Every structure is written in structure tokens, then in C-alpha cells.
Amino acid sequence: MPHLNPVALADVAEPDIAERFAHYQKTRGFTPNSIMTMVRRPNIVRAFMALNQAVLYEGTVPESTKMLVSLACSFAAGCRYCQSHMANLSSIYQVPDEKIAALWDFEKSALFNPAERAAISLAMKAARLPNEAEAADFDELKKHYDDGQIVEIVAAIALFGYLNRWNDTMATELEPWPSEVAERTIGRAGWDKGKHQ
């Protein structure tokens with residue numbers, strides 16, 4: 001049960017925010033309860049949505065890789081709400097269900113290429129405890145990504161530091177669609193809604 005209920009879409013008064021929320025409805029089939037709670041402070045939700053757009057949907061790192069990095073962060077942090085959302089977005093960005101389900105075994109799975117492994121490895125370490133990241137992790141990243149792309153990857157990790165903490169602290173209620181995708185993909189690895197009922 002969430003600590004704060006989401007605001008009803010009809011009660012979002014700011015036209016720019018309502019327009020962005022309609023975009024989420026169109027592209028995902030729902031507006032995330034995380035931002036429907038955050039909208040009580042319009043400037044916070046505006047800043048978050050702008051950062052989310054810049055980090056996940058701009059740049060030259062493939063979106064599918066950024067979604068897997070974000071899912072890895074959420075696995076490491078334990079946020080089941082974000083795990084379900086990133087399983088859903090990974091699926092939207094054409095990551096096969098088998099690959100999403102194999103994320104915990106990314107180091108050995110033939111489904112992941114060396115560039116993805118380097119990014120996911122850093123994500124797992126940094127999401128658990130940022131000072132686990134070492135020079136060797138960046139040496140491996142530099143074999144596959146330029147400096148700007150490394151900034152994108154670390155930005156995705158940092159963004160999910162915020163989101164994992166937001167959603168687990170708020171016990172954000174999980175929407176049906178990402179829940180179904182998570183059950184289909186990472187449910188095989190033991191995923192459940194946890195406190196996000």
C-alpha cells in the first residue's frame with residue numbers, strides 16, 4: 001500500500017505536465033504512479049521528466065542498453081517497482097524476454113555482448129555501493145564506449161539511484177501493465193510485487 005496515493009490525472013492542472021503525462025499514456029499505456037505522486041510539486045516532476053528524457057532517450061548509447069543498465073541498477077538496489085518498469089521498457093525497446101530474464105547471469109550468458117556486460121557490471125556495483133566502482137570497470141567500458149557514452153551510462157545509474165529510493169521509500173503502487181511484463185520476464189527469477197501492491 002503506497003504511503004501517498006497518486007494524484008488523479010484529471011487533477012493535474014499544469015498544461016505542460018498534463019501533456020507529458022498524456023505522452024506516457026500513449027507510449028506506455030499508462031502514466032507511472034511514481035510521477036503521479038511526484039506531481040504534487042510540479043517543479044520536481046518537471047525537472048525529473050527533463051532529466052529522465054535526457055538520460056534515457058538522448059545520446060548514442062542504444063536505448064536497449066540503457067534500459068538493461070537501469071534494470072540492473074534496480075535489481076542491485078532491490079526496488080521491485082523499478083524492476084518491473086525497466087523490464088517493461090526493455091521489452092518496449094526490443095530486448096527479448098529471455099535476455100531480460102537472464103540479466104542476473106549476464107556475465108556468463110551468451111545473450112549479452114561484451115559492451116553490455118561492461119555497462120551492466122558497473123551498474124550492479126554502483127547501484128549496490130557506488131565506491132565498489134573501480135578504475136578497472138572504466139577501463140573495460142572504454143574498450144566499447146567513448147567518454148560521452150560513459151557519461152550516459154553513469155547518468156542512467158545515477159537516475160535510478162533516485163528512482164529506486166523514491167519508489168521504495170514511497171511504496172509506490174505498481175500499475176498492471178509493467179507488473180504483467182515483469183511476471184512474464186523476471187518472474188522466472190523470483191520477482192514479485194513486494195510492497196508495491
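Since the structure is predicted, the reported quantities are computational estimates derived from the model, not experimental observations. Throughout, residue positions are numbered sequentially from 1 according to the sequence presented.
- Shortest non-hydrogen contact noted between S84 and P178 is CB-O, 3.6 Å.
- With respect to the salt-bridge test (charged N to carboxylate O, under 4.0 angstrom), the residues E140 and K143 qualify.
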Give the table of side-chain donor-acceptor pairs shorter than 3.5 Å for residues 100-107, with sequence neighbours excluded, one pair per line with atom names and distance.
none

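- Between the side chain of S91 and the backbone N or O of A87 there is no donor-acceptor pair closer than 3.5 Å.
- Here the OG1-CD1 distance, from T27 to I92, works out to 6.5 Å after rounding to the nearest 0.5 Å.
- The CG atom of N5 lies 7.5 Å from the OG1 atom of T37; values are rounded to the nearest 0.5 Å.
- Under the 4.0 Å criterion applied to side-chain N and carboxylate O atoms, K99 and E116 are assigned as salt-bridge partners.
- For R46 against N43, the heavy-atom pair with the smallest separation is NH1-OD1, 3.0 Å.
- Closest non-hydrogen pair, L56 versus E63, comes out as O-CG, 3.6 Å.
- Tracing side-chain contacts under 4.5 Å through hydrophobic residues (I, L, V, M, F, W, Y), one never reaches I157 starting from F75; they form parts of separate clusters.
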Task: Step-by-step side chain to side chain contact (heavy atoms under 4.5 Å, CB included) determination, Y162 to F48 - done: CA-CA 10 Å; Y162 173 79; F48 166 75; 3.8 Å; yes

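- Atom SG of C73 is separated from atom CG of L122 by 8.0 Å, given to the nearest 0.5 angstrom.
- Tracing side-chain contacts under 4.5 Å through hydrophobic residues (I, L, V, M, F, W, Y), one reaches V69 starting from V154; they form part of the same cluster.
- With sequence neighbours excluded, the residues forming a salt bridge (charged side-chain N to carboxylate O under 4.0 Å, His left out) with R184 are D97, listed by chain and number.
- Within a 6.0 Å sphere centred on CZ of R40, heavy atoms belonging to other residues, nucleotides or ligands number more than 12.
- At distances below 3.5 Å, at least one donor-acceptor pair connects side-chain atoms of N33 with backbone N or O atoms of E173.
- Atom OG1 of residue T31 and atom CZ of residue R20 lie 11.0 Å apart, to the nearest 0.5 angstrom.
- Note: the hydrophobic cluster containing I35 also contains L4 (ILVMFWY, side chain heavy atoms under 4.5 Å, direct or indirect links).
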TODO: Dump the intermediate steps for side chain to side chain contact (heavy atoms under 4.5 Å, CB included) on V95 and M67, then the final yes or no.
DONE: CA-CA 9 Å; V95 178; M67 301 309 161; 5.6 Å; no

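- For residues 170-197, the set of pairs meeting the ring-ring contact (aromatic ring centres under 6.0 Å, His included) definition, not counting sequence neighbours, comprises Y81-H196.
- Residues satisfying the side chain to side chain contact (heavy atoms under 4.5 Å, CB included) criterion with P62, sequence neighbours excluded, are S64, T65.
- Pairs engaging residues 134-158 under the ring-ring contact (aromatic ring centres under 6.0 Å, His included) rule: none recorded [sequence neighbours left out].
- Under a 3.5 Å cut-off, the side chain of K195 and the backbone N or O of T172 do not form any donor-acceptor pair.
- Between the side chain of K66 and the main chain of V55, a donor-acceptor pair closer than 3.5 Å is present.
- The distance from the CD atom of Q197 to the CZ atom of R80 is 10.5 Å, given to the nearest 0.5 Å.
- When the shell of 6.0 Å around CG of D147 is examined, it contains 12 or fewer heavy atoms from other residues, nucleotides or ligands.
- Atom CZ of R165 has 12 or fewer neighbouring heavy atoms from other residues, nucleotides or ligands inside a 6.0 Å radius.
- In this structure, the side chain of S74 engages the main chain of S70 through a donor-acceptor pair within 3.5 Å.
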- [ ] Could you go through the side chain to side chain contact (heavy atoms under 4.5 Å, CB included) check for D137 and S121 one step at a time?
- [x] CA-CA 8 Å; D137 297 308; S121 179; 4.2 Å; yes

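- The shortest non-hydrogen separation linking C79 to D168 is CA-OD2, 3.4 Å.
- The closest donor-acceptor contact from the side chain of R117 to the backbone of K108 lies at 3.5 Å or more, if one exists at all.
- Judged as a ring-ring contact (aromatic ring centres under 6.0 Å, His included), the pairs with a partner in residues 5-30 (not counting sequence neighbours) are, in order, F30-H85.
- Once rounded to the nearest 0.5 Å, the distance linking CD of E175 with CE of M36 reads 10.0 Å.
- Side-chain N or O atoms of N167 include one that pairs as donor or acceptor with a backbone N or O of L163 at under 3.5 Å.
- Grouping the Ile, Leu, Val, Met, Phe, Trp and Tyr side chains by contacts below 4.5 angstrom, directly or via other members, places M170 with I44.
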Open item on the list: Does F160 form a side chain to side chain contact (heavy atoms under 4.5 Å, CB included) with L71? I'd like the steps, not just the answer.
Closed with: CA-CA 9 Å; F160 275 82; L71 178 56; over 6 Å; no

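- Between V12 and E14 there is a side-chain heavy-atom pair separated by less than 4.5 Å.
- For the pair E152 and G59, the tightest heavy-atom approach, listed with the atom from each and the gap, is OE2-CA, 3.4 Å.
- Transitive grouping of hydrophobic side chains (ILVMFWY, heavy atoms separated by less than 4.5 Å) keeps I150 and M124 in distinct clusters.
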